[in-house]
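Numbers restart at 1 for each chain; the letters A, B, ... are given by sequence-line order, proteins then strands. In this text, all values refer to a predicted model and were calculated from it rather than measured experimentally.
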Protein chains: 2
Amino acid sequence: MTAVLVARKEQFPQIAASFGLNPGAMHALLSLDADEPKSMSSLAGSWKCDASNVTWLVDRLEEHGLAERRLHAHDRRVRTVALTRKGAKVRAQIEARLFAPPESLRDLSARDLDTLCRILEKIAPKGGPRF
Amino acid sequence: MTAVLVARKEQFPQIAASFGLNPGAMHALLSLDADEPKSMSSLAGSWKCDASNVTWLVDRLEEHGLAERRLHAHDRRVRTVALTRKGAKVRAQIEARLFAPPESLRDLSARDLDTLCRILEKIAPKGGPRF
DNA sequence: TATTGTTATACTCTATAACTATA
DNA sequence: TATAGTTATAGAGTATAACAATA
């Protein structure tokens, strides 16, 4: 799986564009969830960008109807962000394309693919694949 | 080798910054040569960007003394671009860093590294590694 | 008239700083 | 006073369109 992700990395911008998103917004979409709203500030941390950029990216996702801001239960300063139903659907579609074996891997034997995955799992960064 | 390039791809921006270049300019530098000047228009094709952006990128390289515009022998409309001696030296330094085994590969056994290279050579895009 | 490259300009994405509203 | 998020603004890097020089 990691092998596929590594191979796919080059195609991020194209895949994003095919959904009308820029790479940053697609990255954002893939790290959001419908069930676990996350605060804007925590997103700035995990996306490693400025808070003002989180505002901008979430605006883009909201424009597409893919994510929505919600109120925090106990702190009225905080806005949380979660995927809409449509957002979850699009995220699933993107993941399907990301995890589908890319052209360049179709020529590999099953044995080679296994070997490749095994090796790349070893060198994958801690915390799993990062987009 | 391809394996290393794949693994290194993430570090492009950092390496570029350490030479005072942006990723685009580093990409440009690595595809230029001291001995084979290339026309601006052909560079627009191989870099897959607009001609006006080639002007901008070559300007950046010239500011650093890494590349220079030359006259075409027979067509006075055409400008060709080639690396300066300094540019060739910097390109070699960058390549040395790109081809050095990255951290993430140091943990692999020699056998795994061989296997990885063999597999990735198979799926490498025709025409060799692209930056 | 067509082509090469540049210039003028606008757009996208990112960051910094000032601001509003809560705490 | 401090924190969460937004807005205003600036900058890098990209593209489009108009232009000058040459073919």
Side-chain angles (χ1 to χ4, degrees), chain A residues 10 12-32 36-64 66-82 130-131, chain B residues 9-10 12-32 36-64 66-82 131:
Chain A
E10 297 199 341
F12 258 64
Q14 289 100 306
I15 294 176
S18 74
F19 285 92
L21 301 171
N22 59 45
M26 182 166 118
H27 171 192
L29 178 68
L30 289 168
S31 68
L32 287 172
E36 294 180 15
K38 299 182 177 67
S39 73
M40 306 285 280
S41 59
S42 73
L43 292 174
S46 59
W47 297 349
K48 285 171 185 153
C49 69
D50 189 78
S52 63
N53 198 27
V54 175
T55 296
W56 190 82
L57 288 167
V58 173
D59 283 349
R60 299 291 79 72
L61 292 178
E62 281 201 327
E63 282 173 6
H64 285 81
L66 301 173
E68 62 186 8
R69 287 170 167 87
R70 296 180 188 167
L71 295 174
H72 188 276
H74 305 306
D75 188 336
R76 304 207 332 203
R77 292 173 305 178
V78 175
R79 297 303 172 99
T80 61
V81 185
R130 285 169 311 176
F131 295 96
Chain B
K9 188 137 197 173
E10 298 198 340
F12 257 63
Q14 290 99 308
I15 295 176
S18 75
F19 284 92
L21 300 170
N22 59 46
M26 184 166 117
H27 171 193
L29 178 69
L30 289 168
S31 67
L32 287 172
E36 294 179 15
K38 300 182 176 67
S39 74
M40 305 285 280
S41 59
S42 72
L43 291 175
S46 60
W47 298 350
K48 285 171 184 153
C49 68
D50 190 78
S52 62
N53 198 27
V54 175
T55 296
W56 189 81
L57 287 166
V58 173
D59 282 349
R60 298 292 79 71
L61 293 179
E62 281 201 326
E63 282 173 4
H64 285 81
L66 300 173
E68 62 186 7
R69 286 169 168 88
R70 297 180 188 168
L71 295 174
H72 188 276
H74 306 305
D75 188 336
R76 303 208 329 203
R77 292 174 305 180
V78 175
R79 296 305 171 99
T80 62
V81 185
F131 293 96

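With distances taken from any side-chain atom of B:R77 to the nucleotides D:dT6, D:dT3, D:dT22, the minimum falls on D:dT22. Closest to the A:M40 side chain, of the nucleotides D:dG13, C:dC13, D:dG5, is D:dG5. Comparing atom distances between the A:D50 side chain and each of D:dA4, C:dT16, D:dT6 picks out C:dT16 as nearest. Among the nucleotides C:dT6, C:dT22, C:dT4, the one closest to any side-chain atom of B:S41 is C:dT4. Of the candidate nucleotides C:dT14, C:dC13, D:dA23, C:dT14 has the atom lying nearest to any side-chain atom of A:L57. Of all nucleotides listed (D:dA23, D:dG13, D:dA15), D:dG13 comes nearest to the side chain of B:W56.
Within the structure, a side-chain polar atom (N or O) of A:N53 is placed less than 4.0 Å from OP1 or OP2 of C:dT14. B:T55 has a side-chain polar atom (N or O) that falls below the 4.0 Å cut-off from OP1 or OP2 of C:dT6. Taking side-chain N and O atoms only, B:R79 has no distance below 4.0 Å to OP1 or OP2 of C:dT6. Listed pair B:R76 / D:dT22 meets the phosphate criterion, a side-chain N or O lying under 4.0 Å from OP1 or OP2.
Between A:E63 atom CD and C:dT12 atom P there is a gap of 10 Å when expressed in whole angstrom units. The nearest whole Å value for the distance from the CG atom in B:D59 to the P atom in D:dG13 is 13 Å. As a whole-Å value, the separation of B:R69 CZ from D:dA21 C1' is 15 Å. Rounded to an integer number of Å, the gap from CG of B:L43 to C1' of C:dT6 is 15 Å. Following rounding to the nearest Å, A:R70 (CZ) and D:dG5 (P) show an atom-to-atom distance of 15 Å. To the nearest angstrom, P of C:dC13 lies 14 Å from CE of A:M26. Atom NE2 of B:H27 and atom C1' of D:dT14 are 15 Å apart (whole Å).
When the nearest nucleotides of DNA chain D are assigned to A:S42 and B:N22 by heavy-atom distance, the more 5′-ward of the two goes with A:S42. Comparing B:A25 and A:K38 along DNA chain D, the residue whose closest nucleotide (by nearest heavy atom) sits nearer the 5' end is A:K38. The nearest heavy atom of DNA chain C to A:H74 and to A:C49 marks one nucleotide each, and the one closer to the 5' end goes with A:C49.
In this structure, the separation between CG on B:L32 and CG on B:L61 is 6.5 Å, given to the nearest 0.5 Å. Expressed to the nearest 0.5 Å, how far SG of B:C49 lies from CG of B:L57 amounts to 6.0 Å. In this structure, CE in B:M26 is found 12.0 Å from CG in B:L66, a value given to the nearest 0.5 Å. The CG atom of A:L21 sits 13.0 Å away from atom NE2 of A:H27, with the distance rounded to the nearest 0.5 Å. The line from CZ of A:R79 to OG1 of A:T55 is 10.5 Å long, rounded to the nearest 0.5 Å.
Here B:R60 lies out of heavy-atom contact (under 4.0 Å) with every strand.
Between A:E68 and A:E62, the closest heavy-atom pair is CA-OE2, 3.4 Å.
The base of D:dT16 sits within donor-acceptor range of the side chain of B:S52, with an N or O pair under 3.5 Å.
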